[in-house]
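Each remark here refers to the structure printed beneath this line.
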Amino acid sequence: MELEKVVQLIASLCKPEFENLSTPIKHQIVLISRHNIEREQKELDDFEKIVCRKSLEKYVHEVFYDSNACLCCFEFSKEVEKFSPLAGEFLVLQ
């Protein structure tokens with residue numbers, strides 16, 4: 001087999017797991033919906049609105065949401081330390 005064909009074959013096997021991610025950025029928060037479905041986007045947008053209303057947006061860098069896995073991951077700034085009063089602000093968002 002030619003090297004070029006081998007490289008193409010390997011590349012075709014190494015497609016990214018998350019191909020359909022949407023990454024809208026508002027207020028410097030990256031919002032990622034695994035399945036890019038309307039319900040996930042709405043929940044991400046609602047979370048962002050609440051965070052902004054509480055003036056906490058500078059502490060959130062990224063949110064990843066996968067509704068099929070019931071999974072939501074957050075990337076916070078270094079100022080948000082585990083069990084700190086600031087971290088507690090995120091636990092009571094409504």
Side-chain angles (χ1 to χ4, degrees):
M1 211 181 227
E2 294 178 32
L3 180 60
E4 184 178 337
K5 287 183 181 179
V6 171
V7 169
Q8 289 175 350
L9 179 61
I10 292 171
S12 72
L13 296 173
C14 298
K15 291 185 179 181
E17 181 181 356
F18 308 113
E19 289 183 27
N20 295 322
L21 297 180
S22 63
T23 54
I25 299 175
K26 303 173 187 173
H27 302 93
Q28 302 304 313
I29 300 174
V30 177
L31 303 174
I32 304 170
S33 169
R34 167 107 189 249
H35 303 287
N36 198 22
I37 55 178
E38 188 176 332
R39 180 172 44 92
E40 285 184 358
Q41 267 320 129
K42 181 178 179 343
E43 289 187 48
L44 286 166
D45 290 342
D46 289 347
F47 170 78
E48 181 186 42
K49 287 176 188 171
I50 293 169
V51 167
C52 291
R53 188 177 34 196
K54 302 281 187 173
S55 300
L56 296 170
E57 67 273 11
K58 66 182 177 182
Y59 302 111
V60 183
H61 296 298
E62 182 177 298
V63 182
F64 171 82
Y65 183 44
D66 180 350
S67 59
N68 287 359
C70 294
L71 174 72
C72 195
C73 299
F74 302 88
E75 181 183 323
F76 294 105
S77 67
K78 292 179 182 178
E79 292 90 359
V80 182
E81 295 179 3
K82 195 173 187 178
F83 305 116
S84 70
L86 181 56
E89 291 290 318
F90 289 95
L91 295 174
V92 295
L93 290 177
Q94 296 185 48

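This one's a predicted model, so the numbers in the text were calculated from it and none came from an experiment. Excluded from the calculations below are hydrogen atoms, water molecules and symmetry mates; all remaining heavy atoms, backbone and side chain alike, are included.
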Check: I29 main-chain N/O paired with E57 side-chain donor or acceptor under 3.5 Å: no

Go through L71 and Y65 one step at a time and tell me if the side chain to side chain contact (heavy atoms under 4.5 Å, CB included) criterion holds. CA-CA 6 Å; L71 174 72; Y65 183 44; over 6 Å; no

Go through R53 and I50 one step at a time and tell me if the side chain to side chain contact (heavy atoms under 4.5 Å, CB included) criterion holds. CA-CA 5 Å; R53 188 177 34 196; I50 293 169; 3.1 Å; yes

Rounded distance (nearest 0.5 Å) linking atom CD1 of I32 with atom CG of D66: 11.5 Å

Supply the atom-to-atom distance K42 NZ to S33 OG, rounded to the nearest 0.5 angstrom. 13.5 Å

I need the E43 CD to S67 OG distance, nearest 0.5 Å. 7.5 Å

Drop me the distance from E40's CD to R34's CZ, to the nearest 0.5 angstrom. 9.5 Å

Go through D45 and K49 one step at a time and tell me if the salt bridge (Lys or Arg N to Asp or Glu O under 4.0 Å) criterion holds. CA-CA 6 Å; D45 290 342; K49 287 176 188 171; over 6 Å; no

Using 30° and 60° as the class limits, which term best fits the ring planes of F74 and F47: parallel, tilted or perpendicular? tilted

Could you go through the side chain to side chain contact (heavy atoms under 4.5 Å, CB included) check for H61 and V30 one step at a time? CA-CA 6 Å; H61 296 298; V30 177; over 6 Å; no

Same cluster or not: L93 versus Y59, using hydrophobic residues (I, L, V, M, F, W, Y) connected whenever any side-chain heavy atoms lie under 4.5 Å apart? yes

Under 4.5 Å between side-chain heavy atoms, counting indirect links through other Ile/Leu/Val/Met/Phe/Trp/Tyr residues: same cluster for L86 and V63 or not? yes

Just how far is it from atom CD of E79 to atom CG of L56, taken to the nearest 0.5 Å? 12.0 Å

